[in-house]
**Q** 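Pasting in a structure now, in structure tokens, and then I'll have a few things to ask.
What you see is a predicted model; the values in this text were computed from it and never measured. Chain identifiers are assigned alphabetically (A, B, ...) following the order of the sequence lines, protein sequences preceding nucleic acid strands; residue numbering begins at 1 within each chain.
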There are 2 protein chains.
Amino acid sequence: MRLSEGVEWALHSCTTLALLPPDATLPAARLAEFHGVPPAYCAKHLQELRAAGIIESTAGRKGGYRLARLASEITFWDVVQAVESDTRAFRCTEIRQRGPTAIAKARYSPVCGIARVMYGAEQAWRRELEARTIQDAVDSIVRDADPQVAVKALRWFQEVLT
Amino acid sequence: MRLSEGVEWALHSCTTLALLPPDATLPAARLAEFHGVPPAYCAKHLQELRAAGIIESTAGRKGGYRLARLASEITFWDVVQAVESDTRAFRCTEIRQRGPTAIAKARYSPVCGIARVMYGAEQAWRRELEARTIQDAVDSIVRDADPQVAVKALRWFQEVLT
DNA sequence: GTCCCTATACTCGGATAGCAAGTGTCCGAGTATAGGCGG
DNA sequence: CCGCCTATACTCGGACACTTGCTATCCGAGTATAGGGAC
């Protein structure tokens, strides 16, 4: 089981955008540079975030990305769902309906008991992600980050935003 | 994000083995036949369950697999962990330590705030799976299954176990 | 009738191809900007 | 000096190769059984 690496990039990208002054935009290439990841591939994931309505894009010179709504209104779940094509990890193929014991499809309970447990576990996972927002990530970074990083980041932002 | 299809097979296989009379064994090929899945591939997952100490194998004629311990002592988590090579879905690559804001490694907090949230969510998922056992699956099947299936299963067991 | 031996058929187990999805990259279409020109 | 126009450079966005890991399969090694033979 593997979550796409893009989820990590997307979460960090949203958090970084949340740190910018209101209405400031940051191009995909700069965002990739800030995180030290391949620009083209990073851009791909930003497009997915845009398609999901989490971030907005501005074209042309001085263009770039910015959050589409408040960081406190964007949950981790929103981001994961945007990047990951299918967030349902366990997929029941109804093997209980195959083999020598198979009977008419209508006579089976609507959901397999094993699938029910797996779905329940994933729901617990989802609930945790829905309870956390990008603002929480911003807060934890502000709280935990070394002052030296804060200075470097601020300086880099000022240089890039001109 | 995708959980291996083998997880479903493994869970159903364990549940089926739990339905057998004590100390009875069932060959991999029969187990695959019962679930209508490719025998060779199914056998591969059974080997993983064996390596994890969840089921036991007996070689030679009249050999096969059986549970290594009580169904109530085997959690869903045990099975998932056995089949899935790596159960950690989110993998933090520490991109916060890359790019223009990078500083000495020792000055970073031990765990990234974003990763902490993701790990927490997975822990919630894991906890749910640890709370459910194969016995629970057996109970739900006994409760929900159509009598017709029960009859067919019993008949098939008797025929196969000779 | 009982015990032992041997051949057998069946089991598991690891090593080997095939395929799909995620990973990584590129170039083209579109647009806000900046400079130059005219009034 | 001010406003408009045009060329430009930069942005995003979708279409195209590559690699990793899951999917699927096979054949060989090992073993408990079943039958036959000897005592």
**Q** Specify the residue among G63(A) and M1(A) whose closest nucleotide of DNA chain D lies further upstream toward the 5′ end.
**A** G63(A)
**Q** Which pairs count as side chain to side chain donor-acceptor pair (under 3.5 Å) when at least one residue sits in residues 53-64 of chain B, sequence neighbours excluded?
**A** E56(B)-R66(B)
**Q** For residues 81-88 of chain B, which side-chain N or O atoms pair as donor and acceptor with protein atoms under 3.5 Å away, sequence neighbours left out?
**A**
| from | atom 1 | to | atom 2 | distance (Å) |
| --- | --- | --- | --- | --- |
| Q81(B) | OE1 | W77(B) | NE1 | 3.2 |
| E84(B) | OE1 | S4(B) | N | 3.3 |
| E84(B) | OE2 | M1(A) | N | 2.2 |
| D86(B) | OD1 | R88(B) | N | 3.0 |

**Q** Chain A on DNA chain C: first and last contacting nucleotide, 5' to 3', under 4.0 Å to a heavy atom?
**A** dG22(C) to dA34(C)
**Q** Which side-chain N or O atoms in residues 34-44 of chain A pair as donor and acceptor under 3.5 Å with protein atoms at least two apart or in another chain?
**A**
| from | atom 1 | to | atom 2 | distance (Å) |
| --- | --- | --- | --- | --- |
| H35(A) | ND1 | L31(A) | O | 3.3 |
| H35(A) | NE2 | T16(A) | OG1 | 3.0 |

**Q** Does any pair with a residue in residues 129-150 of chain B pass ring pair (Phe, Tyr, Trp, His ring centres under 6.0 Å), and if so which ones, sequence neighbours excluded?
**A** none
**Q** Looking at DNA chain C, which of residues 73-98 of chain A put a heavy atom within less than 4.0 Å of it?
**A** S85(A)
**Q** Which side chain to side chain donor-acceptor pair (under 3.5 Å) pairs, counting each pair once, include a residue from residues 108-119 of chain B, with sequence neighbours left out?
**A** D144(A)-R116(B), R96(B)-S109(B)
**Q** Check each residue of residues 26-52 of chain A for a non-hydrogen atom within less than 4.0 Å of any atom in DNA chain C, then write out the ones that pass by number, or none.
**A** P38(A), A40(A), Y41(A)
**Q** Which pairs with one or both residues in residues 72-81 of chain A pass salt bridge (charged side-chain N to carboxylate O under 4.0 Å, His left out), sequence neighbours excluded?
**A** R69(A)-D78(A)
**Q** Quick one: list whatever passes side chain to side chain donor-acceptor pair (under 3.5 Å) with E5(A), sequence neighbours left out.
**A** none
**Q** Using a 3.5 Å distance criterion without hydrogens, assess whether the side chain of Q148(A) forms a donor-acceptor pair with backbone atoms of I103(B).
**A** no
**Q** Tell me the side chain to side chain donor-acceptor pair (under 3.5 Å) pairs involving residues 122-132 of chain A, sequence neighbours left out?
**A** R126(A)-E130(A)
**Q** What pairs of donor and acceptor atoms, side-chain ones from residues 46-55 of chain A against any protein atom, are under 3.5 angstrom apart with sequence neighbours left out?
**A**
| from | atom 1 | to | atom 2 | distance (Å) |
| --- | --- | --- | --- | --- |
| E48(A) | OE1 | H45(A) | ND1 | 3.0 |

